[in-house]
Amino acid sequence: MDIVFASAQEAEPQAWIEALRDALPGARIRLWGDGQPEGHADFAVVWAPPADLFVREPRLRALFNLGAGVDALLCLPGLPDDLPLVRLEDGGMAVQMAEYTLYHLLHESRDFGRYERQQAEVLWRPLDDIDRAAWTVGVLGAGAMGARVAQACAALEYPTAVWSRSGRSVPGAESYGGEAGLVAFLARTRVLVNVLPLTDATRGILCRRTFEQLRPDALVINIARGGHLVESDLLAALDSGRLRAAALDVFEREPLPPAHPFWSDARIRVTPHVAGASLMDRTVRQIADKIQALNRGEVISGVVDRNRQY
């Protein structure tokens, strides 16, 4: 069995190679471009792989992505129509995304930013008690990531709802589905958290129309993809007072250009795509288990539906 690891953005690829070798003893596991013979790989483990991957590795049986989002893979030139794409199912990302969301939710709902300003002014002034009913959370996306985020918010007694195309239910949260459900979902939401996959249908969903349907003084948290956000609409909504703040971890261009207005806007908190990192041990174990299952002729989960784009 031949496996190639191909990632243009991984700083320490050799650590992944060693972890895969430990998990799959007996397999030939090599790094893309290391000079070893090519063209015989059965599986590829990738993140932002090279454009000529499919030309140089025409015998692939499956492509394993090191993340949950596969929008970049679907755009790769030469991607065979019949090649299974397997997305990562959690891999330690869900709890991190829940932590990220809770940090920003608590920062706004408990008004910790004001306490920080009061400290700078040497001012001792307790603020009003929190009214959780006023901080309704709405999570776009009800998969493994969205469900974990929603349940974390609900556990702290914030009124929480999820929206997905199918209306999938999540314990502890209200569930909404479809276009009709989206209207009602947005109308009850003050803290909007986006965990959707990026597809043709969801690109630009964080836009003026969406912001105008939220409850007043809303907070937007985007931990999915930069392509979900219409940046000019966000700035306009902040300027008009429709939104109070935004927490953004993903961007259309990454790294975010130094001259981008988000850097200097006090209403926007920027982080460098760190809300949910794939943990190596969990990720490797999941991929290894699925490769072994495929070799036994079994059906595996996480295979991307090309029509739905996730």
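Since this is a predicted model, take the numbers as computed values, not measurements.
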| Would you call V183 and Y176 a side-chain contact if the rule is heavy atoms closer than 4.5 Å? | no
| remark: Closest non-hydrogen atoms of A288 and A23, given as atom of the first, atom of the second and distance, are CB-CB, 3.8 Å
| For atom CD of Q14, is the number of surrounding heavy atoms from other residues, nucleotides or ligands below 6.0 Å larger than 12? | yes
| task | Return yes when atom CZ of R208 has more than 12 non-hydrogen atoms of other residues, nucleotides or ligands closer than 6.0 Å, and no otherwise. | result | no
| Flag side-chain contact, heavy atom, 4.5 Å: L235 against I268 | yes
| message | For R267, I'd like to know if atom CZ has over 12 heavy atoms of other residues, nucleotides or ligands within 6.0 Å. | response | yes
| query | Under 3.5 Å, side chain of T136 to main-chain N/O of R190, donor-acceptor pair present? | reply | yes
| Is the shortest heavy-atom distance from the side chain of R110 to the side chain of Y115 under 4.5 Å? | no
| query | Is there a side-chain contact between N194 and L229, using heavy atoms and a 4.5 Å cut-off? | reply | no
| said: Does R209, at its CZ atom, have more than 12 non-hydrogen atoms belonging to other residues, nucleotides or ligands within less than 6.0 Å? | reply: no
| query | Are I130 and L219 connected in the hydrophobic side-chain network, where two residues link if heavy atoms are under 4.5 Å apart? | reply | yes
| Step by step, would you call E99 with R148 a salt bridge (charged side-chain N to carboxylate O under 4.0 Å, His left out)? | CA-CA 10 Å; E99 291 169 340; R148 187 63 177 268; over 6 Å; no
| Smallest separation among heavy atoms of W263 and P258, with atom names | CD1-O, 3.5 Å
| query | With the 4.5 Å side-chain cut-off for hydrophobic clustering, are V284 and I3 part of the same group? | reply | yes
| field | Heavy atoms of other groups near R125 CZ, more than 12 under 6.0 Å | value | no
| said: Under a 3.5 Å distance rule, please check whether N222 uses its side chain to pair with a backbone N or O of R225 as donor and acceptor. | reply: yes
| So do the side chains of S278 and M93 get within less than 4.5 Å of each other, counting heavy atoms only? | yes
| V162 side chain reached by R168 side chain, heavy atoms, under 4.5 Å | no
| query | Which atom names give the shortest non-hydrogen contact between V304 and Q309, and what distance separates them? | reply | CG1-C, 4.2 Å
| task | Using the side chain to side chain contact (heavy atoms under 4.5 Å, CB included) rule, take Y158 and S109 through it: C-alpha gap first, then chi angles, then the decisive distance, then the call. | result | CA-CA 10 Å; Y158 288 89; S109 65; 2.7 Å; yes
| query | Going hydrophobic residue to hydrophobic residue with side-chain gaps under 4.5 angstrom, can you get from F54 over to L73? | reply | yes
| query | If only atom types and distance count, is the side chain of R21 paired as donor or acceptor with the main-chain N or O of I29 below 3.5 Å? | reply | yes
| query | Do V274 and D249 have side-chain heavy atoms sitting under 4.5 Å apart? | reply | yes
| With sequence neighbours left out, what residues match L279 under side chain to side chain contact (heavy atoms under 4.5 Å, CB included)? | Q96, D281, R282
| note | Of all heavy-atom pairs linking P13 and L31, the shortest is CB-CD1, 3.6 Å
| said: Are more than 12 heavy atoms, taken from residues, nucleotides or ligands other than E298, located less than 6.0 Å from that residue's CD atom? | reply: yes
| said: Can you confirm whether R269 is buried at CZ, in the sense that more than 12 heavy atoms of other residues, nucleotides or ligands lie under 6.0 Å from that atom? | reply: yes
| R306 (side chain) donor-acceptor with L85 (main chain) under 3.5 angstrom | no
| Is the closest side-chain heavy-atom distance between L123 and R117 below 4.5 Å? | no
| task | Could you state whether L105 and V149 fall into the same hydrophobic cluster, counting links through intermediate Ile, Leu, Val, Met, Phe, Trp or Tyr residues with side-chain heavy atoms under 4.5 angstrom apart? | result | yes
| remark: Closest non-hydrogen atoms of L196 and H228, given as atom of the first, atom of the second and distance, are O-CE1, 3.0 Å
| Inter- and intrachain pairs under side chain to side chain donor-acceptor pair (under 3.5 Å), touching residues 28-47, at least two apart | D2-R28, D2-R30, Q9-W47, R28-Q36, R30-E57, D34-Q36, E38-R56, H40-R59
| said: Are there over 12 heavy-atom neighbours, none belonging to D129, within less than 6.0 Å of that residue's CG? | reply: no
| query | Is a donor on one side and an acceptor on the other found under 3.5 Å between the side chain of R188 and the backbone of P159? | reply | yes
| Charged N-O contact under 4.0 Å between R114 and E121 | no
| In terms of ring plane angle, is the pair W16 and F5 parallel, tilted or perpendicular, where the classes change at 30° and 60°? | parallel
| field | hydrophobic_cluster_shared for L206 and F185, side chain cutoff 4.5 Å | value | yes
| field | Check: A184 main-chain N/O paired with W163 side-chain donor or acceptor under 3.5 Å | value | no
